[in-house]
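Since the structure comes first, as structure tokens, the remarks are kept for the end.
Owing to the predicted nature of the structure, the values given are computational and were not obtained by experimental measurement. Proteins come first, then strands; the chains are lettered A, B, ... in the order of their sequence lines, and each starts at number 1.
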Amino acid sequence: MSNENRPKSSHWADINAEKIVREKGKKEHYTCASGITPSGTVHIGNFREIISVDLVVRALRDKGENVRFIYSWDDYDVFRKVPKNMPKQELLETYLRKPITLVPDVLGKCESYAQANEKNLEALLPIVGVKPEYIYQASKYRTSEYADGIKKALVNRDLIRAQLNESRTTDLPADWYPVSVFCAQCDKDTTTVTGWDENYGVSYKCESCGNEETVDLRKTPAVKLPWRIDWPMRWAYEGVDFEPAGKDHHSEGGSFDTARKTSLEVYGHEAPVTFQYDFISIKGRGGKISSSTGEVVSLIDVLEVYTPEVTRYMFAGTRPNTEFSISFDLDVLKIYEDYDKCERTYFDKPESPKALKKWEKQARIYELSQVESVPEVMPYQIQIRLLSNLLQTFSGDVERVIDFLGDVKPEQIDKLKAKAQCAWNWVKNFAPEDFKFSLKADGVALLAVSEVEGKALKSLAGKVEQFMDSSTEKEFSTHLYDVARELEIESSDFFPVVYKALIGKEKGPRLISFLYIIGKDKLVSLLGKY
RNA sequence: GGGCCGCUAGCUCAGCUGGCAGAGCAACGCCCUUUUAAGGCGUGGGUCACUGGUUCGAACCCAGUGCGGCUCACCA
């Protein structure tokens, strides 16, 4: 998108993009980084980091800048704890203290535990339009690509120790080395560095297996930097210009704080532009996400209920430093309504300058919510509530819903189907019981009704047959009330009977329009039998 | 103890590169002679936490106070 003729955007992604260019100066290309540890299922909270970077990357590209978007998998971290939701707990326990890249995938699909978690996410990200360049730390470290970075840390060990001590309660000992070592014999990090030759040689002793040796940083896979030093080393190595971080990193004395100093004073690289993003919470999944069960909500769970666009919308429309919930309860309906409204706004650009200002903000959020580019034709507008009811009436058959709607353009079909799939998933798995219904099948045993109730249903069937085709919903409603009046039943008694006959419940969707959705033939067959 | 964030209508929040204080829900009124947290029209509702400062002008910027939340100080 070219925004030459548009006023300066006030969207947070654009503001950060400008900040990057301002602080880093005009560059051939800008490097934006994101990264996490695949030491467990990557959850939706981690996703906020990735999507936040993606949004800023897009903002930079929309300004005409070249951007390298890298995503670092910290898969040379130590395996510290066996997640409770994993099978083969005893087997996994034997891999504690080893790097997660060497832990087997107990689900048996991938080469390693780390890779299983990585592939899960990598397969999903393109669905929401996120396409970074992946960097695997384990591979980088194990092929000694970072040898010089590690050496630099060793050379500056006193400086680094002082930097870290500034924010520590207990000082690091004088014989501390800024590296950690995975024993070449048993792979565990239960090692103590015993010496360094002022060059590439590091000596260590393993407390688990007793192994003692001196390794060459240029040849060994064993040595890595601890997090607070690893981070700034990689900023310098990749030339990172922008990287946000969670609030746990962004305190004074937190890792971003010390990494900033290390980056500048040891690696000669100005720390990236950054911001802090807040955590996100989950609403409406009952006890399912309690951390004690080890079950987490991840991107795939969100995509079950939210389309890729609406998923992006939740993040693009919320400032990063604001906490928000991803809901699986009735709020889902509201989120869709909000998105649809934003979408209609986008396709209805106002004339007056004042209205235009408000429009700009919504329009920008809409653009950033798209997986690729903004569609040429406005997607089919249908309230999610109505869509859910149609799906329930037609037992989840999207084709019949589209037939019923009648005016869906060919280019609108794909998105409508995706939305319908999400709506259907939501109804099946998360909608409150009151919301759910299914139309009775033909030939189901008749409901036990009183004589007058039976007459009423029969009479309704007659009215349907006689008037439905030729009446509007509003006109037909008088016939509905006639039925009750003619048989002297209170309408408040009559309606539940109709619902029972149709869906076996006392309540349901607004009756008049519901009857029209069901259609004459089906109604006659369901009601005429009484 | 340090840092960060929040405090705007009854509720949830938007508005924050300063320019007439907003939305949804709730409430109230009228309409559709009744319906999933239904629909339509309309109305009321505010010391923008507090104190001071900058400014022609502050919810917004600055300094401070109070209350609430998160986070760091072990590892990542």
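The CZ atom of A:Phe256 sits 16 Å away from the C1' atom of B:rU71 (whole-angstrom rounding). Spacing between atom CG of A:Asp230 and atom P of B:rC75 amounts to 14 Å, rounded to whole angstrom units. We find that NZ of A:Lys247 is positioned 18 Å from P of B:rG2, with the value rounded to whole Å.
Across all strands shown, the partner of B:rG52 is B:rC62, judged by Watson-Crick or G-U wobble contacts whose two distances both fall under 3.5 Å. Checking B:rA14 for Watson-Crick or G-U wobble geometry (two distances, each under 3.5 Å) identifies no partner in any strand.
In this structure, A:Thr170 reaches the sugar-phosphate backbone alone: every heavy-atom distance under 4.0 Å involves primed, P, OP1 or OP2 atoms, never a base. Within the nucleic acid shown, A:Asp77 comes within 4.0 Å of sugar-phosphate atoms alone, with no base atom in reach, counting heavy atoms only. Across all strands, A:Lys361 comes closer than 4.0 Å only to sugar-phosphate atoms, never to a base (heavy-atom distances). A:Pro432 comes within 4.0 angstrom of no nucleic acid atom, judged by non-hydrogen atoms across all strands. At the heavy-atom level, A:Tyr499 lies under 4.0 Å from base atoms of the strands shown. Using a 4.0 Å heavy-atom criterion, one finds that A:Arg168 contacts the sugar-phosphate atoms exclusively. Among the protein residues, A:Arg319 comes within range of the nucleic acid bases, having at least one heavy atom under 4.0 Å from a base atom.
In summary, A:Asp175 and A:Arg157 do not engage in a salt bridge, as defined by a charged side-chain N under 4.0 Å from a carboxylate O. Between A:Asp434 and A:Lys507 there is no salt bridge, since none of the side-chain N atoms of the basic residue sits less than 4.0 Å from a carboxylate O of the acidic one. For the pair A:Arg48 and A:Asp278, the salt-bridge criterion is not met [side-chain N within less than 4.0 Å of a carboxylate O]. Between A:Asp230 and A:Arg234 there is a salt bridge, with a side-chain nitrogen of the basic residue lying less than 4.0 Å from a carboxylate oxygen of the acidic one. Between A:Lys361 and A:Asp14 there is no salt bridge, since no side-chain N of the basic residue sits under 4.0 Å from a carboxylate O of the acidic one.
Heavy-atom nearest nucleotides on RNA chain B were determined for A:His250 and for A:Leu480, and the one closer to the 5' end corresponds to A:His250.
Considering only side-chain atoms of A:Arg510, the nucleotide from B:rC32, B:rA76, B:rA37 that sits closest is B:rC32. Among the nucleotides B:rC72, B:rA23, B:rU35, the one closest to any side-chain atom of A:Phe495 is B:rU35. Relative to the side chain of A:Phe435, the nucleotides B:rU36, B:rG3, B:rA14 differ in distance, and B:rU36 lies closest.
Judged by atom type and distance alone, A:Ser251 reaches the base of B:rG2 through a side-chain donor-acceptor pair under 3.5 Å.
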